[in-house]
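Beneath this line is the structure, given in structure tokens, with notes to follow.
All ligand and atom numbering here is 1-based and tracks the order in the structure. Quick caveat, the model's predicted, so the values are computed rather than measured.
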Amino acid sequence: MIYLDNASTTKINEEVLNAMMPYFDQLFYNASSNHKEAQHLKNKIEEARKQCSNLIHADAEEIIFTSGATESINYALKGYFEENFEKGNHIITCKTEHKAVLKTCEYLETKGIDVTYLDVDSKGRIDLGELQNAITDDTAMIAIMFANNETGVLQDIEAIGSIAKNNNVKFFCDATQAIGKIPIDVKQLHIDLLCMSAHKINGPKGIGFLYVKKGIRLTPLLHGGAQENDNRGGTYNTPLIVGLGKAIEISQRYLIQKNMHYLNLYRHLFEWINSKSNIRIIGDESNRLYNIVNIKIHNFDASIFVESSKEFAVSNGSACTSRIIEGSHVLKAMGLSDQECNQCLRISFDENTQIEHIIQFLKNIS
Ligand SMILES: *Cc1c(COP(=O)(O)O)cnc(C)c1O
């Protein structure tokens, strides 16, 4: 099986797995205990926190470990509006966000928060003028993702950050797909809150972090012990935290090489697609990640291919429930019909993807 579905999850890196192992058995202690062994664990956890903060040019105290991007998103949005209700009851987001953002916004609507869902153009990008116009006196937050998980399309994060800052609005950015691919400096980009998940960068599942800029207060989702500076109760998940730190360290170490690798794979795909009149790439061709490519193949049934292929693990642009095709909300926001969504395949690479895999895939679909 050739795995081309890395945007949904990645295989754990062996060095990451090895770094985690001792913390499951020999070093199983509770990091909050006071004995000597626990102190070592505390140091390891703080080392991982430092690796996370270095990655985005933040301070270690600004990093809160969570169970992944979904929890971080819930915490950032619900936690902010519950804690800061006097700062405004309006949030601006976008129709192509991950469901974790969209569903949390829907929940906030039931609690009296107004939500503006910005449109995107056919390339998957929001209009900055529309964003500016959507801001009112009640706007407290803008929630826009860095890179889209279905198309790889990037938003203009620096411009969005500036608009947020100039209007005194907090900027939450879901950077789950961008982390490990694009260098991120939260200060330069004026990002106030940011999330990621380790399993998208060859780390373990069930761990990630939320960056919360100094001075911002959030109501905790999980009340309990004093862990994470009273922000999130619950015994420290030492093995996963160590794994997260290691995955981040590795992603930074090989950032340039990996990006060259992705660009190489992308170019190969791109040239081949350009030579075919029935296939095109969905979304912006320059403002993008090169490890996620969504292609539309005319007269192709993507759900049949995805579900029946014995050779390839890829993802499709639609879900088929009881023979009704429901296109992805991302592709539909970009103007595709349900039927067109079912002609779309998402191919996503990681460090393990080889050019031979791409060649074999292209042979198979042509
Ligand atoms: C995967 C993903 C998430 C959710 O991450 P979990 O670790 O599964 O909670 C959120 N946003 C984006 C952009 C993602 O790609």
With a 4.0 Å heavy-atom cut-off (strictly under), which part of [X] contacts ligand 1: side chain, backbone, both or neither?
| X | answer |
| --- | --- |
| His199 | side chain |
| Ala100 | neither |
| Thr70 | both |

Quiz item: How are the rings of Phe361 and Phe305 set relative to one another: parallel (under 30°), tilted (30 to 60°) or perpendicular (over 60°)?
Solution: perpendicular

Practice problem: Please test Thr116 against Asp114 for side-chain hydrogen bond (donor to acceptor under 3.5 Å, both in side chains), starting from the C-alpha separation and ending with a verdict. | Solution: CA-CA 7 Å; Thr116 299; Asp114 290 329; over 6 Å; no

Quiz prompt | Geometric cation-pi criterion, Lys78 with Tyr107: 6.0 Å, 45° | solution = yes

Self-check item: Pairing of Glu47 and Lys44 as salt bridge, 4.0 angstrom limit
Solution: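 Looking at Lys44 together with Glu47, the answer is yes, because their closest N to O distance falls below 4.0 Å.
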
Looking only at protein heavy atoms, identify the closest one to [atom] and say how far it is in Å.
| atom | result |
| --- | --- |
| atom 7 (O) of ligand 1 | Ser197 OG, 2.4 Å |
| atom 13 (C) of ligand 1 | Asp174 OD2, 3.3 Å |
| atom 5 (O) of ligand 1 | Ala69 CB, 3.3 Å |
| atom 3 (C) of ligand 1 | His98 NE2, 3.5 Å |

Exercise. Would you give the length of the straight line joining atom CD1 of Ile12 to atom NE2 of His199, rounded to the nearest 0.5 angstrom?
Key: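 With rounding to 0.5 Å, CD1 (Ile12) is 11.5 Å from NE2 (His199).
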
Quiz item: Quick one: do the Asn294 and Thr151 side chains pair a donor with an acceptor below 3.5 Å?
Solution: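 Checked: Asn294/Thr151 side chains show no N/O donor-acceptor pair below 3.5 Å.
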
Quiz item: With respect to Arg49, which candidate in Glu62, Glu61, Glu228 satisfies the salt bridge (charged side-chain N to carboxylate O under 4.0 Å, His left out) definition?
Solution: Glu228

Quiz item: Against heavy atoms of Gln177, which atoms of ligand 1 measure under 4.0 Å?
Solution: 15 (O)

Exercise. Just jot down the ligand 1 atoms closer than 4.0 angstrom to any heavy atom of Met145, in number order.
Key: 13 (C)

Quiz item: Under 3.5 Å, N or O to N or O, is Glu71 touching ligand 1 that way?
Solution: no

Practice problem: Please determine if Lys200 has a nitrogen or oxygen closer than 3.5 Å to a nitrogen or oxygen of ligand 1. | Solution: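 Such a contact does occur with ligand 1.
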
Quiz item: Is it true that a side-chain atom of Asn229 and a backbone atom of Asn231 form a donor plus acceptor pair closer than 3.5 Å?
Solution: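 Checked: no pair found.
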
